Visitor: 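Before I ask anything, let me first share the structure, which is written out below as structure tokens.
Computed from heavy atoms alone, side chains included, the values below leave out hydrogens, waters and symmetry copies. Here the structure is a predicted model, which means the values were calculated and not measured. Numbering of residues begins at 1 and proceeds along the displayed sequence.
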Amino acid sequence: MTIRILLVTELELDPPYGGQFIRCRNIIDSLCRHFSVIVLAPKVDSACKLVTQVQAWHHLPSERHSALPKANSIRYRLTTRPAWETCLKRIYQQHKPQITWFDYGHWGQYTALAREYGTQTIMGTHNTQADLARQEYQVMPYGKARVVQWLRCWAQRNHEQRFFNRFDRIVSVSEADRRFHAQFVGDERSVLISNYVNEADYALEEPVERADNLVILTGNFGSFQNSQGLGWFLKQVWPDVRRQIPQAQLQLVGRGSDRLIKQLDQHPNVTCIGETPRVAPYLRRAAIAAVPLLHGSGTRFKILEAFACKTPVVSTTLGAQGLDLISGENIMLADTGPDFAQAIVSLLKHSPRRSRLAQNSSNILRNQYGFDANTQRIRQLVMEMMSK
């Protein structure tokens, strides 16, 4: 019997700028290895690899040009969007999927519709969204934007409390997240499938020579957790690194980093690359990847991407939260400015130590956070649901 799965997301999946995009793309890829997959998502170019993999790609209508985008964003966390509901009805009638995998966003209010058409539902989460919204609200200055963020946090919390128990399964990316979501659906319906990467996506046709004194930070620097972490790093860590290794270089790679240039004039030896379609060439050139996060939930793709490029990582404990890692064996963890700086300096000065960390991290990536292992976990989840 052919098992048909509908994957629904509001993410614009091509190009994949950010962890949530990478995860969603990987899930589609994994599902396509074993099942017939239909996608409802924003339109992508017809040349996108994902389009050729799936049985059908239906376009999710965009409200980008709405006159009240922020108000609608809050409103539709608790109510259905008529245009999206219409799309779902049409797809259910045409394709008759047995399972709908909702991924990223606010989809609990659509489970009743899915049930009408006899399809089971999965909610793929990327973090504990209400708690992440609360963290951002707490660091914002007083003003209109803070009020809007409080409303988002309130709506997200209400969405979880009202709708999450309607899903047949909730998939989380870390054990801490899984326990959080279990309060809504119980342990049996709360499932852990970690973030993962396909190592083949980070291979280069031509090798890149490592720059022995280059430290790299990757990510979307428009997000509050990355901007807050960068601010802490530049104030508490980088000056100490530069005092001990004057030739050390810092490279910021990712969306929004190019807009920081003026702010970084006072910090020597810092360059900003900006948005790039591939992070692998930069990670493979760097000696160390730094993850100085002070906020967040879920697990960090920036760590897994560094592992895939055999680049050793120095992170805060929270930055590596949710990953089964051991400081000194496959990662270096430090939570104060002096300790973080010392971890970077010690690795920059000792190439063999960097090589050992990189090899160990590559091994754990392949065994726990690689494509094949987690594709099998996704297959097992679907087959278990279909057997009931």
Visitor: Testing the 3.5 Å rule here: is there a donor-acceptor pair between the side chains of H126 and D103?
Guide: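 Per modelled atom types, H126 and D103 side chains form a pair under 3.5 Å.
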
Visitor: Let me know which of R210, R284, E305 forms a side-chain hydrogen bond (donor to acceptor under 3.5 Å, both in side chains) with T311.
Guide: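 Answer after filtering R210, R284, E305: R210.
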
Visitor: Residues two or more places apart in sequence or in another chain: which of them pass side chain to side chain contact (heavy atoms under 4.5 Å, CB included) with L365?
Guide: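 If we apply the side chain to side chain contact (heavy atoms under 4.5 Å, CB included) test to L365, skipping adjacent residues, the hits are V197, E199, L304, F307, A308, Y369.
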
Visitor: Assess, by modelled atom type and distance only, whether the side chains of S190 and H181 contain a donor and an acceptor separated by less than 3.5 Å.
Guide: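 Result is no, nothing qualifies.
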
Visitor: Is a side-chain donor-acceptor pair under 3.5 Å present for T299 with N195?
Guide: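 Result is yes, a qualifying pair exists.
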
Visitor: Please list, chain by chain and in numerical order, all residues satisfying side chain to side chain contact (heavy atoms under 4.5 Å, CB included) with Q53, sequence neighbours excluded.
Guide: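 Testing Q53 for side chain to side chain contact (heavy atoms under 4.5 Å, CB included), a comparison that skips the adjacent residues, returns D29, C32, K49, L50.
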
Visitor: When you check the gap from the basic side-chain N to the acidic O, do E384 and R169 get nearer than 4.0 Å?
Guide: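 So E384 pairs with R169 through a salt bridge.
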
Visitor: Under 3.5 Å, is there a donor-acceptor pair between the Q368 and Y196 side chains?
Guide: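 Side chains of Q368 and Y196: no pair found under 3.5 Å.
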
Visitor: Considering residues at least two apart in sequence or located in another chain, which fulfil the side chain to side chain donor-acceptor pair (under 3.5 Å) criterion with R255?
Guide: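 Counting only residues at least two positions away or on another chain, R255 forms a side chain to side chain donor-acceptor pair (under 3.5 Å) with E275.
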
Visitor: With a 4.0 Å cut-off, would you call D187 and R178 a salt bridge?
Guide: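 Yes, this pair counts.
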
Visitor: Compare all side-chain heavy atoms of W107 with those of E10 and state whether any distance is below 4.5 angstrom.
Guide: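 The answer is yes; the side chains approach within 4.5 Å.
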
Visitor: Using the side chain to side chain contact (heavy atoms under 4.5 Å, CB included) criterion, which residues pair with Q183? Sequence neighbours excluded.
Guide: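 Side chain to side chain contact (heavy atoms under 4.5 Å, CB included) list for Q183, sorted by chain: F180.
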
Visitor: For the residue pair N220 and S223, confirm or rule out a side-chain donor-acceptor distance under 3.5 Å.
Guide: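 No.
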
Visitor: Could you work out, with side chain to side chain donor-acceptor pair (under 3.5 Å) as the rule, every residue matching Q244, not counting sequence neighbours?
Guide: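 So Q244 forms a side chain to side chain donor-acceptor pair (under 3.5 Å) with D240.
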
Visitor: Side chains of Q55 and S36: donor-acceptor distance under 3.5 Å anywhere?
Guide: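 Yes, S36 and Q55 have a side-chain donor paired with an acceptor closer than 3.5 Å.
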
Visitor: Above 12 or not: heavy atoms from other molecules or residues under 6.0 Å from CD of E188?
Guide: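 Atom CD in E188 is not packed in, count stays at 12 or less.
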
Visitor: For the pair H350 (side chain) and S346 (backbone), establish whether a donor and an acceptor sit closer than 3.5 Å, ignoring hydrogens and angles.
Guide: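 Side chain of H350 to backbone of S346, a donor-acceptor pair under 3.5 Å: yes, one is there.
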
Visitor: For the pair R33 and D372, find out whether any cationic side-chain nitrogen is under 4.0 Å from an anionic carboxylate oxygen.
Guide: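 Salt bridge flag = no for D372 with R33.
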
Visitor: Please determine if R179 and E175 form a salt bridge, counting it only when a charged side-chain N lies under 4.0 Å from a carboxylate O.
Guide: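 Yes.
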
Visitor: For Y92, which residues count as a side chain to side chain donor-acceptor pair (under 3.5 Å) partner, sequence neighbours excluded?
Guide: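 Scan of Y92 (side chain to side chain donor-acceptor pair (under 3.5 Å), adjacent residues dropped) gives T100.
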
Visitor: Indicate whether any N or O donor in one side chain lies under 3.5 Å from an N or O acceptor in the other, for N363 and Q359.
Guide: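 Checked: N363/Q359 side chains pair up, N/O donor to acceptor below 3.5 Å.
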
Visitor: Using only heavy-atom distances, determine whether the side chains of T121 and Y110 contain a donor-acceptor pair under 3.5 Å.
Guide: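 No, no side-chain donor-acceptor pair sits under 3.5 Å.
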
